[in-house]
There are 2 protein chains.
Amino acid sequence: MTGTTTKKMNRGGEKIYQGLREDILCLRLKPGSVLDEAAIAARYAVSRTPIREAIIHLISEGLVERHGRVALVASLNFDNLPSIFDALLLSSRVVNREAACNRTREDLKNIRTKMLEFDRLCGDGSGVQRQDANLEFHMAIADAGRNEYFSSFYERMLLTASRLHQACFSNQVAAERSPEEQAELQQHLTATSQQHHRILEAIEARDADQADRLAVEHQELSFARLQNAVFGRNRDGFEAFSLAPEALGRR
Amino acid sequence: MTGTTTKKMNRGGEKIYQGLREDILCLRLKPGSVLDEAAIAARYAVSRTPIREAIIHLISEGLVERHGRVALVASLNFDNLPSIFDALLLSSRVVNREAACNRTREDLKNIRTKMLEFDRLCGDGSGVQRQDANLEFHMAIADAGRNEYFSSFYERMLLTASRLHQACFSNQVAAERSPEEQAELQQHLTATSQQHHRILEAIEARDADQADRLAVEHQELSFARLQNAVFGRNRDGFEAFSLAPEALGRR
DNA sequence: AGTATTTTTCTTGTATACATGAAAAACATT
DNA sequence: AATGTTTTTCATGTATACAAGAAAAATACT
């Protein structure tokens, strides 16, 4: 017998949770839009009960907010972009450091698998798929760090950042991209992939300082692209980067 | 009209959530014990629906875990004590730094209020009350840091640590304490209170480095006491403190 | 007696029905 | 016509009923 998928399919609320989460992260559900329980229940062909459970789960994950009695998809105001950057940068550094110190051989295998999956999708994947593979790669690193508290914090920040990137880039379909935009995308993907490889090397070498530095670079690359998309080429008036990169010393 | 408390008392699930949370944090509900929905529903004289909502909320907060279909109060295994310490130390440092940089005059007032409340309870409060006041004091600091992501991470760690302390100290009632224990407690409370005052001073002076140092001291004091309680006077075999205290440079 | 199997019970997951409060729409009044 | 009031509608919160699966208990068989 297979044992896991054969006949026990209880806790269907999890399915709805996953589905809604996907929809929110891909911005198929737009920030600020209301989550109508009845409508969702109809869409998934279940009663309202599992829907409510999923919504509560999403609320405590930060992807949904309550305004009075209605549940809204969490807004994506760019006001707190500096906060997001700070938190993502710090969590990323910590997680990569810890991974470099604590990784096992199994961890390396997992990370490499995810990394190659991302590389593969750089050729023929959709933006959503790449975003997902990217997230899995970084979470594989987080798992290697062996600290569930840092991991879950990091995951939350990655999810938040993922939505931001979706909002800035993925709204235009591939077919509608201009040649320049296409070139820029490919160049960015190549750079990202290279950084992934170097990060894995550092973790494999147990070089925490190097992993830290690379994590900073990686985050800065990612956010710099975001900044350009949001504010054009203008860097002024955007005072993120409030935590010093060269901090968080060796252990 | 008062507007907030007069007649709209909907979302009773929140009440149950608060109640259960209290019970878990104070260890009235022991780690590992099962949460029987029907039983709790009877206790609170409501149906199972709001109970389930509360439980889901608690699960995503880390205070309750699912094992198969049953919900258990999150276990307090001391295996991951190093993880907890690392995460608490780092979040504490960051939050105190940020508070020192971003605090307003209102923030200072809030922090001072909470601080004095804690001091008051050092004289004639229960362990639970003090723990609560302590948490509110530190969360007031976190609020002053103006980064909701760091704040919520910090809160989670404070909650976890709070349960640990309850587990180690609060299980013995005040009446049962020996004179030596009583003296040790008072000495600890005095030291804690003094650190609070110095932390507030540093934040008021916008001295981020000092706030950082004091946060480290504060956490080490707290955890050293925990260690003594858990492992006696023996510090060996307990390899927490894995993140260097003198890290996370200035901004 | 010990173990395997069946039956029973109990707890959770889901659906539906009802209550309540809020927003919107219709109406009336100035 | 504009505004204030009333009514209606609709979404959410809660309760209850039912279904299903798992643990426990009882029975039967070796």
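The basis for the numbers below is simple: all heavy atoms, side chains too, and nothing from hydrogens, waters or symmetry mates.
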Using OP1 and OP2 only, check whether a side-chain N or O of S47(B) sits under 4.0 Å from dA15(D).
yes
Main-chain N/O of N147(A) paired to S83(B) side chain as donor or acceptor, under 3.5 Å
no
Whole-Å distance between dA15(C) C1' and E53(A) CD?
13 Å
Pairs under 3.5 Å (N/O, protein and nucleotides 10-12 of chain D):
from    : atom 1 : to     : atom 2 : distance (Å)
dT12(D) : OP1    : L35(A) : O      : 3.3
dT12(D) : OP2    : E37(A) : N      : 3.4

For R43(A), which residues count as a side-chain hydrogen bond (donor to acceptor under 3.5 Å, both in side chains) partner, sequence neighbours excluded?
none
Donor-acceptor contact present, side-chain R93(A) to main-chain N96(A), <3.5 Å
no
Please state how far atom OH in Y44(A) lies from atom C1' in dG13(C), giving the value in whole angstrom units.
18 Å
Centroid-to-centroid, F118(B) to F137(B), below 6.0 Å?
no
Just how far, in rounded Å, is P of dG13(D) from CD1 of I56(B)?
13 Å
For R146(B), the side-chain hydrogen bond (donor to acceptor under 3.5 Å, both in side chains) test, sequence neighbours excluded, returns D107(B)
To the nearest angstrom, the NE2-P distance between H67(B) and dA23(D) comes to 14 Å
Sidechain-backbone polar pair: S60(B) side chain, H57(A) backbone, donor-acceptor under 3.5 Å
no
Separation of dG13(C) atom C1' from Y17(A) atom OH, nearest Å, is 19 Å
